[in-house]
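Structure, as structure tokens:
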Amino acid sequence: MSGYQIPFNKAGLVGNEIRYIVQAIEHGHISGDGTFTTQCNELLERELGVAKALLTTSCTHALEMSALLLDVQPGDEIIVPSFTFVSTANAFVLRGARIVFADVRPDTLNLDESNLDSLISERTKAIVAVHYAGVACEMDTIVALASQHGVRLVEDNAHGLFAKYKGKYTGTFGCLATQSFHETKNVTCGEGGALIVNDPELVERALVIREKGTNRSQFFRGQVDKYSWVDLGSSYLPSDLLAAFLFAQLEARHEIQNKRRRIWHHYREHLQEWAEQNGVRLPVVPPECEQSYHMFYLLLPSLAHRQSLISHLKSHGILSVFHYVPLHLSEMGRKHGAGTANCPVTEDVSSRLIRLPFYNDLTEEEHARVISAVKKFSM
Ligand SMILES: Cc1ncc(COP(=O)(O)O)c(C=O)c1O
């Protein structure tokens, strides 16, 4: 963004992106489901150990596919944390569902599992768990509650690719999970996502929905002699040009994660003392969680402090941003929410949270400048 020497986010190349894009063009297949899409899907399936991974045009679209796959109907209720991105709720509202907004835990800012039971009713179709900042939700409790009530579990894992809960990858607990490869994410192709299908019974229909509601993939497998319109669907396949870019990034995932791990720990190490002195809270990562190193945030004592830190950093040429406006208070949240939401933690933290610049190629000099500017801000 102009006027800032240190942006909040910057896309970076890790190696083979351009070479693979040229290869995709040379293959003569740049629409969806070319060789690079297959390679990305297979890499994700192998690495995560999941039944099916399908690249999509975005995490938003993977969430919309989830709503279609679960046959969400008008009148169904979907439990969604209020502290999340719009798409987590919007995808289900598109199918006519009402959103039951759940509050988050004050430590990890994840779905508060201790209050979940009280939000489940006979109309509940699904719970959507968002692993905020790539730190896993308390999955033991959430999985147990979902199965006890016969409710489907979807993981919005936009932030959490390669994070783990008790040694198991996030995105492998729900019947479905969604990934984002948006420019702001650890691994990116600009705009992109993936649907992870953990329930084998949903795989065939996921292929149809992703292919505009046609059985085109059965046709290519020689299972039907012509393909036609068999279900609802849309165009959720990214171009193989984007998959080529993404495959290069996925191949370099260990290098990317190592860089981000260093950045995250450097922030924590250098800001811990300042934070303690100024009543600022740093991110909490429970011992059972291996985080994805997606972001570094600070929780300031008040909204006024947060706003003045953003201005202070701006005066040093540094762009910092906040996250999220509580969904239950938004115009659409009020219209499509079921009942009255009680989300005091969400309201509190969303007014006090600030995200510091965090991207793979953040240089040591840039990093030192951000840390020094933050430390010059005292309350
Ligand atoms: C929790 C969450 N879910 C979904 C999305 C949407 O991702 P995409 O931009 O890939 O559609 C975001 C965006 O950052 C997000 O933070």
Side-chain angles (χ1 to χ4, degrees), residues 8-11 40 44 53-68 78-94 99 101-105 108-111 126-137 142 153-163 170-171 173-174 176-196 210 234-239 242-243 245-246 249-250 260 283 291-297 321-328 330 332-333 343 346 349-350 353-355 358-359:
F8 168 67
N9 179 64
K10 190 157 73 177
C40 289
L44 289 170
L54 293 168
L55 284 201
T56 57
T57 28
S58 62
C59 182
T60 300
H61 279 167
L63 285 160
E64 289 175 19
M65 284 183 70
S66 305
L68 283 165
I78 311 291
I79 301 176
V80 172
S82 176
F83 189 66
T84 183
F85 192 69
V86 171
S87 304
T88 321
N90 187 71
F92 297 92
V93 169
L94 278 171
I99 305 298
F101 289 108
D103 207 0
V104 292
R105 289 163 52 133
T108 56
L109 315 186
N110 278 331
L111 193 60
I127 298 167
V128 188
V130 178
H131 305 296
Y132 184 70
V135 175
C137 298
I142 295 173
L153 174 63
V154 177
E155 294 172 79
D156 178 342
N157 199 28
H159 303 175
L161 183 61
F162 305 132
T170 54
F173 292 85
L176 296 165
T178 63
Q179 301 295 155
S180 175
F181 300 116
H182 181 263
E183 183 187 89
T184 47
K185 304 304 183 295
N186 301 19
V187 172
T188 181
C189 59
E191 298 278 357
L195 180 70
I196 307 296
R210 183 164 163 274
S234 191
S235 182
Y236 293 123
L237 287 75
S239 154
L242 286 177
F245 191 104
L246 183 65
Q249 295 247 326
L250 282 170
R260 298 184 76 99
Q291 62 157 320
S292 64
Y293 302 101
H294 175 54
M295 73 169 85
F296 197 89
Y297 66 81
V321 300
F322 56 84
H323 225 191
Y324 297 108
V325 178
L327 289 185
H328 70 285
S330 68
M332 285 294 281
C343 305
T346 300
V349 296
S350 76
L353 188 141
I354 179 173
R355 300 168 67 193
F358 202 130
Y359 44 91

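Atoms within a ligand are numbered from 1 in the order they appear, just like the ligands themselves.
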Could you tell me whether the side chain of [X] and the main chain of [Y] form a donor-acceptor pair under 3.5 Å?
{"X": "E155", "Y": "F173", "answer": "yes"}
{"X": "Q179", "Y": "N157", "answer": "yes"}
{"X": "D156", "Y": "L63", "answer": "no"}
{"X": "H131", "Y": "C137", "answer": "yes"}

Practice item. Please round to the nearest 0.5 Å and tell me the distance separating atom CG of D103 and atom CG of L109. Key: 10.0 Å

Revision key, fill the gap. dist F92:CZ -> E64:CD (nearest 0.5 Å) comes out at 10.0 Å

Point to revise | Part of Y324 within contact of ligand 1 (heavy atoms, under 4.0 Å) | key: side chain

Review point. With a 4.0 Å heavy-atom cut-off (strictly under), which part of T60 contacts ligand 1: side chain, backbone, both or neither?
Key: both

Exercise for review: Take every heavy atom of A62, measure it against each atom of ligand 1, and state whether any distance is under 4.0 Å.
Suggested key: no

Is there at least one pair of N or O atoms, one from [X] and one from ligand 1, spaced under 3.5 Å apart?
{"X": "H182", "result": "no"}
{"X": "K185", "result": "yes"}
{"X": "T84", "result": "no"}
{"X": "C59", "result": "yes"}
{"X": "D156", "result": "yes"}

Contact atoms of ligand 1, heavy-atom distance to [X] under 4.0 Å:
{"X": "V130", "answer": "1 (C)"}
{"X": "H159", "answer": "1 (C), 15 (C), 16 (O)"}
{"X": "G192", "answer": "10 (O)"}

**Study point:** Option passing side chain to side chain donor-acceptor pair (under 3.5 Å) with Y132 (candidates H294, H323, H159)
**Key:** H323

Review point. What residue and atom, counting heavy atoms only, is the protein's closest point to atom 5 (C) of ligand 1, and at what distance?
Key: F85 CD2, 3.5 Å

Review point. Which protein heavy atom lies closest to atom 10 (O) of ligand 1, and at what distance to 0.1 Å?
Key: S180 OG, 2.7 Å

Practice item. Taking all non-hydrogen atoms of both residues into account, name the closest pair between A102 and L111 and its distance. Key: CB-CD1, 3.5 Å

Check your understanding: Does CZ in F322 sit with more than 12 non-hydrogen atoms of other residues, nucleotides or ligands closer than 6.0 Å?
Key -> no

